[in-house]
Structures are given as structure tokens and as C-alpha cells.
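Both backbone and side-chain heavy atoms feed into the values below; hydrogens, waters and symmetry mates do not.
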Amino acid sequence: QVHLVESGGGLVQAGGSLRLSCAASGLTIRGYAMGWFRQAPGKEREFVAVINWSGETTNYADSVKGRFTISRDNAANTVYLQMNSLTPEDTAVYYCARDVLEYTLGSQQETRYNYWGQGTQVTVSS
């Protein structure tokens, strides 16, 4: 079976940090851009961060720039999202996804991703 499994979510106080992981099984992340998205209650899912296939290029939503860092470990088949200086506005279910195309910079568009994880809940208390 093909899976992307997120972990590392939880409850944290404002100003705190969390590190999310996205482990792939049954498929490889090598050669593919990987993205993180999130969906807050009552809102549409939105782009958070993307890392290109080689790990050399990253892109972030303005709302998380300077606070979140996306990284990847191809040998471990895992992508990470380090989240610092969290605020209640970061409360959401966080999803990782794999680009449908190989060897790209990735995209902020959900339609470019064809494998998704089930999500992990991040709750930031004030």
C-alpha cells in the first residue's frame, strides 16, 4: 500500500515549537517535490511550504515565512516541517503531499499533488 503518514502534531502554547514528519511508504519521495498544506476549521486548505526534488529550493506562504522550515531526508523517505514561534492562527490539520511530476520546483497549487497524507492536528493555545 501507498502511504504518506504525518506525525508530530499536538497541543502547544503560543510561542512554542513543533516538528512535523511525513514518512512515505510504498512510494519514494526521491526525485519529487514535497509540499505541506494546512486546513483550519471552517477554512479551505492552504499552502504552507514546498521543497523541490533536490532539496535545494524551498518556498513558503507569507504567513509562515521566517518561522517554519521545510526539509527532506531522501534516505529516510521523510519530509519535515519545523514550526517555531507558533501562534493560535497556526491551528489546523497539517497535510503533506507529493508532486505528481518529477524533478520540479514544486507548486503552491493543490492540484499538482497526487499523494496526500491523512493529516496531523496542530493546536496552538493562547
Side-chain angles (χ1 to χ4, degrees):
Q1 283 187 322
V2 174
H3 293 293
L4 290 174
V5 180
E6 302 94 339
S7 61
L11 174 64
V12 63
Q13 288 188 333
S17 298
L18 284 173
R19 188 193 194 203
L20 304 184
S21 298
C22 170
S25 64
L27 75 163
T28 183
I29 68 167
R30 191 183 299 271
Y32 293 89
M34 297 293 295
W36 283 96
F37 294 78
R38 67 185 182 185
Q39 186 168 21
K43 295 186 177 181
E44 293 186 352
R45 189 156 57 185
E46 64 176 4
F47 166 78
V48 175
V50 62
I51 187 166
N52 81 317
W53 70 274
S54 67
E56 294 176 344
T57 303
T58 58
N59 190 23
Y60 298 91
D62 288 342
S63 59
V64 307
K65 203 170 293 185
R67 300 187 298 121
F68 290 12
T69 302
I70 187 171
S71 61
R72 63 191 296 153
D73 183 344
N74 288 338
N77 220 18
T78 301
V79 179
Y80 304 97
L81 186 67
Q82 177 67 42
M83 306 187 297
N84 299 328
S85 301
L86 286 161
T87 74
E89 289 69 36
D90 295 315
T91 294
V93 177
Y94 284 72
Y95 301 88
C96 68
R98 196 188 82 167
D99 196 348
V100 66
L101 301 175
E102 290 183 278
Y103 305 117
T104 73
L105 292 174
S107 172
Q108 298 187 14
Q109 303 301 316
E110 291 186 40
T111 53
R112 270 283 298 276
Y113 298 85
N114 61 342
Y115 287 107
W116 292 81
Q118 83 291 345
T120 185
Q121 176 70 48
V122 172
T123 303
V124 185
S125 63
S126 57

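Aromatic ring centres of Phe47 and Tyr60 lie farther apart than the 6.0 Å criterion allows. Outside the 6.0 Å centre-distance limit, the rings of Tyr32 and Trp53 are not counted as a close aromatic pair.
Taking the ring centre of Tyr95 as origin, the terminal cationic atom of Arg45 falls inside the region bounded by 6.0 Å and 45° from the ring axis.
A heavy-atom distance below 4.5 Å is not found between the side chains of Pro88 and Gln13. The side-chain heavy atoms of Glu89 and Thr91, taken from C-beta on, include no pair separated by under 4.5 Å. For the pair Glu6/Leu20, no side-chain contact is recorded, criterion being any heavy-atom separation below 4.5 Å from C-beta on. Within the 4.5 Å cutoff, no side-chain heavy atoms of Cys96 are placed close to those of Val79.
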Applying side chain to side chain contact (heavy atoms under 4.5 Å, CB included) to Val2 and Tyr115, what does each step give before you reach the verdict? CA-CA 8 Å; Val2 174; Tyr115 287 107; 3.4 Å; yes
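Atom CD1 of Ile70 is separated from atom CE of Met83 by 12.0 Å, given to the nearest 0.5 angstrom. Atoms CG and CG, from Asn52 and Asp99 in turn, are 10.0 Å apart once rounded to the nearest 0.5 Å.
No hydrogens or angles considered: nothing links the side chains of Asp73 and Thr78 as a donor-acceptor pair under 3.5 Å. For the residue pair Thr104/Glu102, the side-chain donor-acceptor check at 3.5 Å is not satisfied.
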